[in-house]
Every structure is written in structure tokens, then in C-alpha cells.
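First up is the structure itself, then whatever we jot down about it.
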Amino acid sequence: MLDYEVKPGENLPEGLPRQSLVVLSPVWRGPVLCLEYPDGDTEIIEGVTAGGEACQVQVFWTRKDPRGPAVCLAIGGDAGLRRLIRQGGQELSRGAPFLALAERLIPPEVLAVIGPRPDKVPLLLG
């Protein structure tokens, strides 16, 4: 389990209450996470502290519900994530408490650490 909370602030005014996240894989850690979309757009994600400084991004497989599918989740610091999105020559910056990644967008260097999506837990009918 990993406890994660985002304090309300400039990056994310609403914050995020403390969450207990089940960690189903090794955790990839890095200063930034770079995502490349099929249409050529890119997104650079960094963790942010409450002081506004950059910090590590962590990526791992988790599951909200024991019977639900595993999700690849990226989290940042106690101020969440800062997302720099480059679309068609423009740059947009947004804050986010976390980011769920589509499997096809997980960079190879991250996938090498976290591994493939864990199998869904089978339902036990009794």
C-alpha cells in the first residue's frame, strides 16, 4: 500500500484527499515522464511539491477494486503532477492529482520496470 495525498495549492486548487493505493508492481521513478501520442503530440509530466519545486514521478500498476482491472497510474509529489502538453505547435500546462496511462502510451523504459498489466483477479462465485 502507498498513501498519497495532494494538498490544495496553485498547481491543483482542489487537492486530493489521502488515498491508499494498492501497488501491484515494481515502481518506476524518474524526474519526468515523457508520453508520445500517435498523432505526434507529446506530453511531459513532472511531480510537483507544495513549494512548487519539481520532484520525481512514480508509475506503477494499481487496482481500485479487488475485482476491477489493473490500471497504470502516474503520481507526483504533495502538489500532484504538472502536465506540459505540446499540441500542434502550442504548449499547454495543467495540474493533475494523478494520471492513468493507456497501455499503448506507457514508454518502454517504464514498462521494463513495472511489467505488463497484471491479470484481472478472477471472481469467486460461491
Side-chain angles (χ1 to χ4, degrees):
M1 292 293 270
L2 176 86
D3 287 334
Y4 181 61
E5 176 181 10
V6 176
K7 297 174 183 170
E10 184 178 319
N11 186 53
L12 197 67
E14 64 276 12
L16 177 73
R18 182 173 299 279
Q19 308 285 312
S20 289
L21 304 169
V22 175
V23 179
L24 301 173
S25 68
V27 178
W28 177 88
R29 291 176 174 83
V32 295
L33 175 65
C34 298
L35 303 178
E36 295 184 21
Y37 293 90
D39 63 1
D41 293 343
T42 60
E43 184 171 358
I44 298 176
I45 300 162
E46 66 181 4
V48 184
T49 68
E53 297 148 1
C55 67
Q56 284 192 328
V57 177
Q58 298 179 68
V59 181
F60 54 93
W61 290 104
T62 187
R63 180 180 281 121
K64 181 171 173 78
D65 182 312
R67 291 183 237 148
V71 175
C72 182
L73 195 68
I75 63 172
D78 57 0
L81 297 169
R82 181 177 300 128
R83 301 171 60 196
L84 177 61
I85 304 162
R86 292 187 178 119
Q87 290 179 314
Q90 289 188 309
E91 289 189 356
L92 308 165
S93 181
R94 295 188 179 130
F98 56 83
L99 186 62
L101 303 177
E103 285 184 68
R104 63 179 165 65
L105 292 180
I106 301 170
E109 66 274 12
V110 175
L111 202 54
V113 173
I114 68 171
R117 184 175 74 89
D119 291 330
K120 190 173 181 178
V121 175
L123 294 174
L124 299 176
L125 301 175

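Keep in mind that what you see is a predicted model, and the values were worked out from it rather than measured.
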- Message: Walk me through whether Ile44 and Arg86 qualify under side chain to side chain contact (heavy atoms under 4.5 Å, CB included).
- Response: CA-CA 8 Å; Ile44 298 176; Arg86 292 187 178 119; 3.3 Å; yes

- Using the side chain to side chain contact (heavy atoms under 4.5 Å, CB included) rule, take Cys72 and Val59 through it: C-alpha gap first, then chi angles, then the decisive distance, then the call. CA-CA 7 Å; Cys72 182; Val59 181; 3.4 Å; yes

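A side-chain donor-acceptor contact under 3.5 Å links Arg63 to the backbone of Gly68. Between the Glu103 side chain and the Leu101 main chain, no donor and acceptor come within less than 3.5 Å of each other. Remark: side-chain polar atoms of Tyr37 are not paired, donor with acceptor, to backbone N or O of Glu43 under 3.5 angstrom.
In this structure the side chain of Trp61 reaches within 4.5 angstrom of the side chain of Ile106, judged on heavy atoms. The shortest distance between side-chain heavy atoms of Leu16 and Phe98 falls below 4.5 Å. Considering only heavy atoms from C-beta on, Leu81 stays 4.5 Å or farther from Leu33 through its side chain. The side-chain heavy atoms of Gln58 and Ile75, taken from C-beta on, include a pair separated by under 4.5 Å. Within the 4.5 Å cutoff, the side chain of Glu14 has no heavy atoms near those of the Val6 side chain.
No continuous path of hydrophobic side-chain contacts links Leu92 to Val32 [ILVMFWY only; heavy atoms under 4.5 Å]. Following chains of ILVMFWY side-chain contacts shorter than 4.5 Å, one can reach Leu12 starting from Leu73, so the two form part of one hydrophobic cluster. Cluster membership for Leu21 and Ile114, using ILVMFWY side-chain heavy atoms within less than 4.5 angstrom, is not shared. Linking ILVMFWY residues whenever their side-chain heavy atoms come closer than 4.5 Å, directly or via other members, places Leu24 and Val113 in the same cluster.
When the shell of 6.0 Å around CD of Glu36 is examined, it contains 12 or fewer heavy atoms from other residues, nucleotides or ligands. Summarising the local packing, CZ of Arg18 is surrounded by more than 12 heavy atoms from other residues, nucleotides or ligands at distances under 6.0 Å.
If you take SG on Cys55 and CZ on Arg82, they are separated by 9.5 Å, rounding to the nearest 0.5 Å.
Summarising the geometry of Pro107 relative to Cys34, their closest heavy-atom pair is CG-O, 3.3 Å, with the distance given to 0.1 Å. Closest of all the heavy-atom pairs between Leu99 and Ile45 is CD2-CD1, 3.2 Å. Heavy atoms only, all atoms of each residue included: Val22 and Phe60 are closest at O-CE1, 4.3 Å. Between Pro31 and Glu46, the shortest heavy-atom contact is O-CB, 3.9 Å. Residues Ala100 and Val71 approach most closely at CB-CG1, 3.8 Å, considering heavy atoms. Taking each heavy atom of Leu105 and Pro38 in turn, the nearest pair found is CD2-CD, 4.2 Å.
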